[in-house]
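Everything below concerns the one structure shown next.
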Amino acid sequence: MDHQALKAFQQFDDNRFTKVDFMKNENSTAFTLNFLPGQSMKAHSHPGKELYLVVTEGSGTFTVDGEEIMATKGDVLFCGEKERIGFDNNGDNRTTLFGTLTEIG
């Protein structure tokens, strides 16, 4: 068993968004993605893995395979291994996403 406080992994950087891995085993990783206003993550995929993201603070726009999806605190997003996902914090506040990335099969 492992127990962590998510708040401890809300680490922001003025130069770029941050990814903080805080729980990991042979099949999955739990992490935070932290964005200051104006920061973004380029669209990319995760071959062989499934991704869940939860907006825990703030808001922004996900782009999944070219489709824009507005998201706010409490929203959950799932992406399969072939989907390309990006994110833009186009608001005025900090945004944190909690994520899990799990190997398929």
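Remember, predicted model here, so these are calculated numbers, not experimental data.
When the shell of 6.0 Å around CG of Asp92 is examined, it contains 12 or fewer heavy atoms from other residues, nucleotides or ligands.
Using a 4.5 Å heavy-atom threshold, the side chains of Cys79 and Val64 count as touching. Side-chain contact between Thr56 and Leu6: present, with at least one pair of heavy atoms (C-beta onward) separated by less than 4.5 Å. Between Ile85 and Leu77 the shortest side-chain heavy-atom distance falls below 4.5 Å. Two residues are said to be in side-chain contact when any heavy atoms from C-beta on lie closer than 4.5 Å; Leu36 and Asn89 fail this criterion.
Taking the side chain to side chain donor-acceptor pair (under 3.5 Å) definition, one finds that Asn25 meets it with Ser28, sequence neighbours left out.
For the residue pair Phe9 and Val20, the shortest heavy atom distance occurs at CD2-CG1, 3.7 Å. Contact detail for Arg84 and Ala43: the closest heavy-atom pair is NH2-O, 2.9 Å. Scanning both residues, Phe87 and Ser59, for their nearest heavy atoms gives CZ-O, 3.9 Å. The shortest heavy-atom contact between Leu53 and Gly99 is CD2-CA, 3.7 Å. Scanning all heavy atoms of the two residues, the minimum distance from Thr95 to Phe12 falls at O-CE2, 3.8 Å. Annotation for Gly91 and Pro37: closest pair O-CB, 3.4 Å, computed over non-hydrogen atoms.
Rounding to the nearest 0.5 Å places CE of Met41 at 10.5 Å from CZ of Arg16. Taken from CG in Leu51 to OG in Ser45, the straight-line distance is 11.0 Å, to the nearest 0.5 Å. Note that the CZ atom of Phe35 and the CZ atom of Arg94 stand 13.5 Å from one another [nearest 0.5 Å]. Between Lys24 atom NZ and Asp2 atom CG the span is 13.5 Å, to the nearest 0.5 Å. The CZ atom of Phe17 sits 12.5 Å away from the OG1 atom of Thr96 when rounded to the nearest 0.5 Å. Atom CG of Leu97 is separated from atom CZ of Phe62 by 4.5 Å, given to the nearest 0.5 angstrom.
Sequence neighbours left out, not one pair with a member in residues 35-55 passes salt bridge (Lys or Arg N to Asp or Glu O under 4.0 Å). Sorted by first then second residue, the side-chain hydrogen bond (donor to acceptor under 3.5 Å, both in side chains) pairs that include residues 61-73, not counting sequence neighbours, are Thr61-Asn90.
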Could you walk me through whether Gln11 and Asp13 pass the side chain to side chain donor-acceptor pair (under 3.5 Å) test, one step at a time?
CA-CA 7 Å; Gln11 300 169 11; Asp13 184 308; over 6 Å; no
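Glu81 places a side-chain N or O within donor-acceptor distance of the main-chain N or O of Gly48, the cut-off being under 3.5 Å.
When ring centroids are compared, Phe22 and Phe31 stay outside the 6.0 Å threshold.
Residues Asn34 and Thr18 bring a donor and an acceptor atom of their side chains to less than 3.5 Å of each other.
Met23 and Leu101 fall into different hydrophobic clusters, where Ile, Leu, Val, Met, Phe, Trp and Tyr residues are linked whenever their side-chain heavy atoms come under 4.5 Å apart, directly or through other members.
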